[in-house]
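Position 1 is the first residue of the sequence; numbering continues from there.
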Amino acid sequence: MNMKNTTQHLVIVMAMMLALTAVPLTFGQNKDESETPTLTAEGQSDDLTGVWEAIGVSSGNDCVSGMPIGELINVTYTFNQGGTMNAEDTLSIDRNRTTGSGIWKQISRRNYTYRFFHYAFDPTGTFLFTVKGSSNVKLSKDGNSLTENGHLELVAPDGATILYASCFSDTSHPVTF
């Protein structure tokens, strides 16, 4: 009996090993054929996926005049395959907040749009407001920068009252090795 159980276990283990070597393992995000980046006439990709950084940009602008009204910050965006994103910045007024999460989509060849949000808390952990924003993004012809113009709102916990609104614009560059 003991030899029979050992043989059965060996056969099962070998079958599992064979199955694992026959099936390719993929870690991270899978990109299907419909998500293949398009190439421009210059041979550059129109793909927004990756990590982008804007350094020393205004945290807000007056939406009418365009004049900066906020302090200078650094911002990083991570655009994932499939249309999700994350955003972080160095704004010091409300460090007690979550990472920005959002969605993005391609509008045309090098034009994109995204929406994001994150939650802000006071130092004791009390929920203060939700930061909601959206932006239109244009990827440069060479794929080495993106420019954007967006709008953000601080929304009260009731979900309806807008506490503050401003616009923003910046130029980001891809993070590379």
Side-chain angles (χ1 to χ4, degrees), residues 23-61 63 66 70 73-91 94-121 127-177:
V23 177
L25 294 176
T26 304
F27 297 97
Q29 296 182 354
N30 242 349
K31 192 175 208 179
D32 67 24
E33 295 301 318
S34 66
E35 295 181 83
T36 302
T38 55
L39 294 178
T40 65
E42 301 84 25
Q44 299 294 322
S45 173
D46 286 343
D47 192 13
L48 189 64
T49 59
V51 178
W52 297 79
E53 180 179 40
I55 298 175
V57 298
S58 176
S59 59
N61 300 326
C63 292
I73 60 171
N74 296 343
V75 182
T76 60
Y77 302 103
T78 303
F79 294 98
N80 304 305
Q81 294 172 4
T84 61
M85 66 169 292
N86 295 64
E88 286 289 343
D89 64 53
T90 58
L91 192 59
D94 60 355
R95 286 205 186 270
N96 301 304
R97 64 180 183 185
T98 62
T99 297
S101 298
I103 55 175
W104 67 274
K105 67 180 179 178
Q106 187 170 19
I107 302 301
S108 62
R109 186 169 175 185
R110 288 187 308 271
N111 296 292
Y112 300 83
T113 188
Y114 71 78
R115 293 177 188 258
F116 74 94
F117 68 94
H118 58 84
Y119 304 113
F121 305 87
F127 177 53
L128 295 175
F129 52 83
T130 303
V131 177
K132 292 184 176 184
S134 61
S135 186
N136 293 313
V137 176
K138 182 164 182 83
L139 185 62
S140 65
K141 287 182 181 181
D142 64 6
N144 287 323
S145 66
L146 61 83
T147 55
E148 67 171 319
N149 291 294
H151 179 265
L152 66 86
E153 300 174 335
L154 306 184
V155 182
D158 67 13
T161 306
I162 298 173
L163 304 171
Y164 173 80
S166 73
C167 293
F168 61 91
S169 60
D170 63 58
T171 299
S172 298
H173 299 278
V175 176
T176 59
F177 283 100

Quick check: closest heavy atoms across Ser145 and Asp142, and the distance to 0.1 Å?
N-OD1, 4.2 Å

What heavy-atom pair brings Gln106 and Arg109 nearest, and what distance separates the two atoms?
NE2-O, 2.6 Å

Test item: Thr171 side-chain N/O and Thr147 main-chain N/O as donor-acceptor pair under 3.5 Å:
no

Taking side chain to side chain contact (heavy atoms under 4.5 Å, CB included) as the definition, give me every residue that meets it alongside Phe127, ordered by chain and number, with sequence neighbours left out.
Tyr119, Phe121, Thr130, Pro157

Interatomic distance, CZ@Arg115 vs NZ@Lys132, rounded to 0.5 Å, equals 10.0 Å

Under 3.5 Å, is there a donor-acceptor pair between the Glu148 and Ser135 side chains?
yes

Closest non-hydrogen atoms of Thr49 and Asn80, given as atom of the first, atom of the second and distance, are CG2-C, 3.8 Å

At their closest point, which heavy atom of Ile103 faces which heavy atom of Met85, and how far apart are they?
N-CG, 3.8 Å

Checking Val155 against Phe129 for the side-chain contact (heavy atoms from CB on, under 4.5 Å) test, could you report, in this order, the C-alpha distance in whole Å, the side-chain angles of both residues, the deciding distance, and whether it holds?
CA-CA 5 Å; Val155 182; Phe129 52 83; 5.8 Å; no

Nearest heavy-atom contact between Thr113 and Ile107 is CG2-CD1, 3.5 Å

Measuring from Glu53:CD to Asp89:CG, what's the distance to the nearest 0.5 Å?
12.0 Å

Any heavy-atom pair between the side chains of Asn136 and Asn149 that's under 4.5 Å?
no

So, using side chain to side chain contact (heavy atoms under 4.5 Å, CB included) as the criterion, who are the partners of His151 when residues are at least two apart?
Cys63, Glu153, Ala165, Cys167

Thr90 side, atom OG1; Asn74 side, atom CG - distance, nearest 0.5 Å
4.5 Å

Going by atom types alone, do Ser140 and Asn144 pair a side-chain donor with an acceptor below 3.5 Å?
no

Working to the nearest 0.5 Å, report the span between CD1 of Ile162 and CG of Leu152.
11.0 Å

Is it the case that Tyr77 and Glu88 place a side-chain donor and acceptor less than 3.5 Å from each other?
no

Of the non-hydrogen atoms in Gly60 and Ser166, which two are nearest, and what is the gap between them?
CA-OG, 4.0 Å

For Val57, is there any backbone N or O sitting under 3.5 Å from a side-chain donor or acceptor partner on Asp170?
no

One should read off an interatomic distance between Leu48 CG and Arg110 CZ, to the nearest 0.5 angstrom, of 12.5 Å

Option among Tyr114, Phe116, Tyr112, Trp52 that satisfies the ring-ring contact (aromatic ring centres under 6.0 Å, His included) test with Trp104:
Tyr112

